[in-house]
Amino acid sequence: MFGKFSFVHIAAVMALAPSLAFSASAAGKVRSALGTVDRMKAKQTEWSALRVGANIYQSDKVRTGMESEVIFGLPDGSTITIAENAEVEMSNLLEPNGQGGFETKFDIKKGHINFAVHKLQDKNSKFLFKTGTATASIRGTEGYVGGEGVFFAGLKTGKLEITPEGKTEPVSIVAGETTFGKDSLVVVKLASSGNARFAKKLEKLLNESKKPMAELIEEVKQADISFQETLKAEAETAAAAVPMNSFSVSTISPVEICDQGLMVEGFYRTTDETASLVVNIGGYQSDNLVRAADGNVHSFAHKVVINDENGLWTATKAKVSFAGAGVKDSKTIDLHVNKACLDVNTKIPTVAIPSYDSLRCVANLSVGEMQGDAAILSVYADGSQASEDAITRNVQQRLKLKNGVHNYVVKVEDQAGNKAEVEKTMGCYPAKRFNVDIVGAAREVLNVPPQPPDANSDPNYIPRTLQFRIRTVENDPSHLYKVVVKLNGNVILQETTSQIQNLDYQIPVNLKRSSVSRVDIEVVHKSGYKVKVRKVYEVH
């Protein structure tokens, strides 16, 4: 029914943690590899086996064989599963996109991918799947996408918008819906939408079917019903397999922890009225989950919120324990807590500049609320970045100040994008010697003839200009605190801080005839260093 068709692009917007400086070299880490899984690195021509714990880098190609799959996680906590008989190229991995965000792109050349992309935090970041004839946008979504000959996608959670190639109107699906097709897409509601096991069955059905679309839709719906019956039978079988005074856990380990917290599910069976079934994580313990002791199999489900506020986000395991009728048993669930998730990493870091020393030219920085977290601490001076450090705990840190007065902004951003900043204008004025040079001799003797009778000025005084230069190391008037000039003890000029605009002064003075006049100059640096000089005029 379907011929081979060109590319489908699927764009999934991710919740990234740009705070931790993702780049083109960022890697996904292999968490599980079953069966035959190979990787071909960029600029290589041969495949090699891919093992658990290995890093996946940009431009790597990964392929899987029959009954094989590989699961790897990204630094933002998203999980990608490459299903069997698939080939995928990691075109981009957390690559800066020039818009303040990052882009991850997978080119699915064969087969399909199951994905769990966390809730959108950064609107400028994108997650792209390239598989066929459409472009789709995902915002915090779990499901599958693929199809070598037929495009298909299904969602367990979230929303997906698909724009077929050559068309402008998108086709949208939400949780519980599946879409498939070639030139046009159909949307059907299926209970199995987003289920990874159903994706495998759906891919096989679509690739093998030659039926018209109407009949194919009914065939897909019937496959959904059949699959749900299979799941129900499996659950009943699992329940029936629970022995008396025992329990089983159906939650699959490991569990990725983000916005949904931890849901522990399973079955128990007991005749002991005092039996207990509890979930323990760190210092947390649930209430008793045993609700009936009639000897029949009963299900249980318990959700635990995991975040930094309740102190559970450092947990690596959850323990489910049963005690009853003399029997004690427990099972553990491995936890992968994603600290890049806002629902997990809820505490906003604090940052402050409690004090600074302008003579030693240092400021004290304080960063708090970082227990068990990681963040980037950035310092900006007058808008330009001065430093950037990675921190993993609360810190008390010294900041070296630049000479002069500058505006400093200190920012801290944790793994989940929680941000805090503080701004402060601070000065640096190290104590250094400087001079005040007066033009002319320190003592000048002036022989001034009497003033003509018709002159308009006061005959008892003669005008002169006092000239001096302040020579500081910085050669910058903003480093001065005060300039005072006195004539015979009387202040004739006083400037402080921002009033001081020059280092060269020319000040008019009136000298009394037949007397000695003293001019005293005092210059105070912001460091506290002070210079005093005197000039004497002897007028005859």
Open item on the list: Let's go through Lys512 and Tyr461 carefully: what are the C-alpha distance in whole Å and the side-chain angles of both, what is the deciding distance for side-chain contact (heavy atoms from CB on, under 4.5 Å) to 0.1 Å, and is it a yes or a no?
Closed with: CA-CA 4 Å; Lys512 192 172 184 179; Tyr461 293 89; 3.7 Å; yes
- [ ] Measure the NZ-OG distance between Lys400 and Ser387 for me, rounded to the nearest 0.5 Å.
- [x] 13.0 Å
Task: Under 3.5 Å: donor-acceptor pair, side chain of Ser253, backbone of Asp334 - done: yes
Open item on the list: Restricting to non-hydrogen atoms, name the atom on Thr251 and the atom on Met263 that form the minimum distance, rounded to 0.1 Å.
Closed with: OG1-O, 3.1 Å
Open item on the list: For Ile348 versus Ala420, what's the shortest heavy-atom pair and its separation?
Closed with: CG2-CB, 4.5 Å
Task: Minimal non-hydrogen separation, Val174 against Leu155, with atom names - done: O-CB, 3.8 Å
Open item on the list: Rounded at 0.5 Å granularity, tell me how far CD1 in Ile113 sits from CZ in Phe106.
Closed with: 6.0 Å
Open item on the list: Looking at Arg469, I want to see if its CZ is surrounded by more than 12 non-hydrogen atoms of other residues, nucleotides or ligands under 6.0 Å.
Closed with: yes
- [ ] Indicate yes or no: at least one non-hydrogen side-chain atom of Leu401 is less than 4.5 angstrom from one of Tyr356.
- [x] yes
Task: Test: Lys526 and Glu474 ion pair at under 4.0 Å - done: no
TODO: Verify side-chain contact (heavy atoms from CB on, under 4.5 Å) between Arg360 and Arg398, making sure each step is shown before the conclusion.
DONE: CA-CA 11 Å; Arg360 294 185 176 88; Arg398 288 285 184 92; 5.8 Å; no
- [ ] Apply the test salt bridge (charged side-chain N to carboxylate O under 4.0 Å, His left out) to residues Asp107 and Lys109: give CA-CA distance (whole Å), side-chain angles for both, the deciding distance (0.1 Å), then the verdict.
- [x] CA-CA 6 Å; Asp107 184 352; Lys109 300 180 179 298; 3.0 Å; yes
TODO: May I ask you to test the Phe115-Phe129 pair for a side-chain heavy-atom distance under 4.5 Å?
DONE: yes
TODO: Establish, yes or no, whether the cationic atom of Lys411 lies under 6.0 Å from the six-membered ring centre of Tyr380 and within 45° of the ring axis.
DONE: yes
TODO: For the residue pair Leu503 and Arg471, establish whether any side-chain heavy-atom pair is separated by less than 4.5 Å.
DONE: no
Task: Tyr505 side chain reached by Ile438 side chain, heavy atoms, under 4.5 Å - done: no
Task: Side chain to side chain, Val255 and Leu262, heavy atoms closer than 4.5 Å - done: yes
Task: Glu423 and Asn407: CA distance, side-chain angles, deciding distance, side-chain hydrogen bond (donor to acceptor under 3.5 Å, both in side chains) verdict - done: CA-CA 7 Å; Glu423 181 176 358; Asn407 179 259; 3.0 Å; yes
Open item on the list: Main chain of Gly158, side chain of Thr141: is a donor-acceptor contact present, judged purely on distance under 3.5 Å?
Closed with: no
Open item on the list: Any non-hydrogen side-chain atom of Phe72 less than 4.5 Å from a side-chain atom of Met90?
Closed with: yes
Task: Residue pair Lys317 / Ile281: nearest heavy atoms and the distance that separates them - done: O-CG2, 4.0 Å
Open item on the list: So, taking the atom named CG in Leu487 and the one named CG in Leu493, what distance separates them when rounded to the nearest 0.5 Å?
Closed with: 12.0 Å
Open item on the list: I'd like to know if the side chain of Asp458 and the backbone of Asn460 have a donor-acceptor N/O pair within less than 3.5 Å.
Closed with: yes
Task: Heavy-atom check, side chain of Pro477 versus side chain of Gln501, under 4.5 Å - done: no
TODO: Could you walk me through whether Ile306 and Leu335 pass the side-chain contact (heavy atoms from CB on, under 4.5 Å) test, one step at a time?
DONE: CA-CA 10 Å; Ile306 295 181; Leu335 306 179; 4.3 Å; yes
Task: Side chain Thr157, main chain Glu142, donor-acceptor under 3.5 Å - done: yes
- [ ] Decide whether a cation-pi geometry holds between Lys535 and Tyr537; the criteria are a distance under 6.0 Å from NZ or CZ to the six-membered ring centre and an angle within 45° of the ring axis.
- [x] yes
Task: Lys432 NZ to Tyr529 OH distance, which is reported to the nearest 0.5 Å - done: 13.0 Å
- [ ] For the pair Thr425 (side chain) and Val405 (backbone), establish whether a donor and an acceptor sit closer than 3.5 Å, ignoring hydrogens and angles.
- [x] no
Open item on the list: Does any part of the side chain of Asn92, heavy atoms only, come nearer than 4.5 Å to the side chain of Gln58, both counted from C-beta?
Closed with: yes
Open item on the list: Strictly by salt bridge (Lys or Arg N to Asp or Glu O under 4.0 Å), give each pair with a member in residues 476-498 just once, sequence neighbours left out.
Closed with: none
Task: Among Asn510, Val539, Leu446, Ile507, the one residue meeting side-chain contact (heavy atoms from CB on, under 4.5 Å) with Arg464 - done: Leu446
Open item on the list: Quick check against the 3.5 Å criterion: does Asn418 have a side-chain atom that pairs as donor or acceptor with the backbone of Asn345?
Closed with: yes
Task: Donor-acceptor pair, side chain of Thr350 and main chain of Gly368, under 3.5 angstrom - done: yes
Task: Shortest non-hydrogen separation from Val305 to Leu312 and the atoms involved - done: O-CD1, 3.6 Å
Task: Any donor-acceptor pair under 3.5 Å from Asn488 side chain to Arg518 backbone - done: yes
Open item on the list: Under a 3.5 Å distance rule, please check whether Asn307 uses its side chain to pair with a backbone N or O of Glu309 as donor and acceptor.
Closed with: yes
Open item on the list: Can you tell me how far apart NZ (Lys105) and CD (Glu89) are? Round to the nearest 0.5 Å.
Closed with: 9.0 Å
Open item on the list: If we ignore hydrogens and angles and just use 3.5 Å, is the side chain of Arg513 paired with the main-chain N or O of Pro449 as donor and acceptor?
Closed with: yes
Task: Heavy-atom pair of closest approach, residues Val52 and Ala33 - done: CG2-N, 3.7 Å
TODO: Not counting sequence neighbours, list each pair that qualifies as a ring pair (Phe, Tyr, Trp, His ring centres under 6.0 Å) and has a residue in residues 398-433.
DONE: Tyr429-His479
- [ ] Can you measure from SG (Cys428) to CG (Asp357) and round to the nearest 0.5 angstrom?
- [x] 9.5 Å
TODO: Mark yes when over 12 heavy atoms from residues, nucleotides or ligands other than Tyr481 sit less than 6.0 Å from its OH; otherwise mark no.
DONE: no
- [ ] Walk me through it: do Val410 and Leu377 pass the test side-chain contact (heavy atoms from CB on, under 4.5 Å)?
- [x] CA-CA 7 Å; Val410 182; Leu377 176 64; 3.6 Å; yes
- [ ] Apply the test side-chain hydrogen bond (donor to acceptor under 3.5 Å, both in side chains) to residues Asp373 and Gln415: give CA-CA distance (whole Å), side-chain angles for both, the deciding distance (0.1 Å), then the verdict.
- [x] CA-CA 7 Å; Asp373 204 351; Gln415 300 175 73; 2.9 Å; yes
